[in-house]
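It should be emphasised that the depicted structure is a prediction, and the values quoted were computed from it without experimental measurement. Both counts, for ligands and for their atoms, begin at 1 and track the order of listing.
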Amino acid sequence: MMRHVLVLGANGQIARLAEKQMLADSDVHLTLFLRRSSRLKPEDLSREKVVDGDAADRNALTEAMNGTDIVYANLAGQNIEDQAKAVVASMKKAGVNRLIWISTLGIYDEVPGNFGKWNNQQLDGYLDRYGAAAKVVENAGLDETIIRPAWLTNKDEIDYETTQKNETFKGTEVSRKSVAAYVTSLVKDPAKDVHKSVGINKPNTDGDKPAWY
Ligand SMILES: NC(=O)c1ccc[n+]([C@@H]2O[C@H](COP(=O)([O-])OP(=O)(O)OC[C@H]3O[C@@H](n4cnc5c(N)ncnc54)[C@H](OP(=O)(O)O)[C@@H]3O)[C@@H](O)[C@H]2O)c1
């Protein structure tokens with residue numbers, strides 16, 4: 001079955017990798033939603049459409065939802081909670097249920113030990129904003145999957161394991177390409193990990209800090 005995915009923040013670093021993987025590994029059609037949309041040139045016009053918009057703009061979102069089966073939100077920013085509210089409201093209005101939402105490690109204080117302490121110090125403020133946004137997504141009554149990546153790298157590798165919400169977080173790092181691969185696996189099997197908040201890390205990267213710090 002051909003699915004239609006709406007990518008919010010489509011010029012984001014993970015999003016661009018996921019777009020490539022989704023087009024290569026599945027027959028999905030993509031609507032690429034981003035600010036200043038001239039930055040993105042679709043490679044396959046028969047399967048990709050570019051839409052200009054801000055993810056805090058409910059009207060722009062609702063319009064872009066038309067025909068969408070799955071929303072993949074790869075967003076960021078100080079107003080991330082407002083963006084979450086706008087995305088949820090627009091999905092409800094349009095009758096779209098499946099949401100993949102990129103968040104971060106640490107929103108439940110689930111990162112153990114010295115790395116957890118360091119992470120809390122580094123991400124002070126940001127964790128509260130991202131936690132509030134994740135709460136909006138979890139309480140929306142949608143078919144959501146929240147993804148909590150470890151510290152991101154640009155390594156050209158797909159190598160990851162996952163943890164669930166009630167488990168302590170593992171590892172310190174993960175490649176953006178791995179997060180994109182996990183997103184792609186959800187798009188290919190939308191029933192997978194519904195109502196889950198999933199930590200994602202590279203195996204055997206435990207430490208007090210990411211290796212490059
Ligand atoms: N760095 C880490 O180690 C780490 C670890 C865990 C999680 N994360 C989080 O993972 C997420 C994805 O990572 P990434 O590397 O793909 O990030 P990224 O490249 O910064 O992508 C985020 C995208 O969000 C877009 N955006 C922000 N506000 C928007 C708005 N109001 N409307 C539309 N688009 C908006 C940005 O678009 P513009 O280009 O228009 O600004 C940007 O393309 C981020 O939220 C990041 O904070 C990061």
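Of all atoms in ligand 1, listed by their number and element, those nearer than 4.0 Å to a heavy atom of A76 are 22 (C), 24 (O), 27 (C), 28 (N), 45 (O). Using a 4.0 Å cut-off to heavy atoms of R39, the atoms of ligand 1 that qualify are 38 (P), 39 (O), 40 (O). Atoms of ligand 1 lying under 4.0 Å from at least one heavy atom of R176, given by number and element, are 15 (O). Listed by number with element, the atoms of ligand 1 under 4.0 Å from a non-hydrogen atom of A150 are 5 (C), 6 (C). With ligand atoms numbered from 1 in the order given, ligand 1 contributes 1 (N), 2 (C), 3 (O), 4 (C), 5 (C), 8 (N), 13 (O), 15 (O), 48 (C) to contacts under 4.0 Å with heavy atoms of L152.
Nearest non-hydrogen protein atom to atom 37 (O) of ligand 1 is R35 NH2, 4.0 Å. Protein heavy atom closest to atom 30 (C) of ligand 1, with residue, atom name and distance, is Q83 OE1, 3.5 Å. Of the protein's non-hydrogen atoms, the one nearest atom 19 (O) of ligand 1 is Q13 N, 2.9 Å. The nearest protein atom to atom 34 (N) of ligand 1, hydrogens excluded, is given as L75 CD2, 3.5 Å; this is a heavy-atom distance.
Taking the six-membered ring where tryptophan is involved, the planes of Y160 and Y182 are perpendicular, since the angle between them exceeds 60° and thus also 30°.
Cation-pi geometry between K165 and Y108 is satisfied (NZ or CZ under 6.0 Å from the ring centre, within 45° of the ring normal).
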Residues K177, D156; criterion salt bridge (Lys or Arg N to Asp or Glu O under 4.0 Å); working and verdict: CA-CA 7 Å; K177 197 170 179 179; D156 186 15; 2.4 Å; yes
Residue pair E173, K155: steps toward the salt bridge (Lys or Arg N to Asp or Glu O under 4.0 Å) verdict: CA-CA 10 Å; E173 66 172 78; K155 289 178 187 167; 2.7 Å; yes
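Residue-to-ligand polar distances keep P149 apart from ligand 1: every N/O pair is separated by 3.5 Å or more. The distance criterion of under 3.5 Å between nitrogen or oxygen atoms is met by A55 with respect to ligand 1. Backbone and side-chain nitrogen or oxygen atoms of W151 are examined, and none is located within less than 3.5 angstrom of a nitrogen or oxygen of ligand 1. Taking distance alone, with nitrogen or oxygen atoms compared against 3.5 Å, A15 stays at or beyond that limit from ligand 1. Taking any N or O of F33, backbone or side chain, none lies under 3.5 Å from an N or O belonging to ligand 1. In terms of polar-atom proximity, R36 is not counted as a contact of ligand 1, lacking any N or O under 3.5 Å from an N or O of the ligand.
The closest approach between a heavy atom of N11 and any atom of ligand 1 is below 4.0 Å. Ligand 1 has no atom lying under 4.0 Å from any heavy atom of A10. Close to ligand 1: Y126, with a non-hydrogen atom less than 4.0 angstrom away.
Between K135 and E81 there is no salt bridge, since no side-chain nitrogen of the basic residue lies less than 4.0 Å from a carboxylate oxygen of the acidic one. A salt bridge links K202 and E157; the closest N-O separation between the charged side-chain nitrogens and carboxylate oxygens is under 4.0 Å.
Checked by atom type and distance alone, the side chain of R16 pairs as donor or acceptor with a backbone atom of N11 at under 3.5 Å.
Summarising the local packing, CD of E167 is surrounded by more than 12 heavy atoms from other residues, nucleotides or ligands at distances under 6.0 Å.
For atom 21 (O) of ligand 1, the nearest non-hydrogen atom from the set G9, A180, S103, G12 belongs to G12. Between the choices D54, I102, N74, the shortest heavy-atom distance to atom 10 (O) of ligand 1 belongs to I102.
A side-chain donor from one of H195 and E144 sits under 3.5 Å from a side-chain acceptor of the other.
Between W118 and Y213, the gap from one ring centroid to the other is short of 6.0 Å.
Each of D69, V194, V71 was evaluated against R98; a single residue qualifies, V194, per the side-chain contact (heavy atoms from CB on, under 4.5 Å) test.
If you look at Y130 next to ligand 1, the close heavy atoms, those under 4.0 Å, all belong to the side chain. At a heavy-atom cutoff of 4.0 Å, ligand 1 is contacted by no atom of R148, backbone or side chain.
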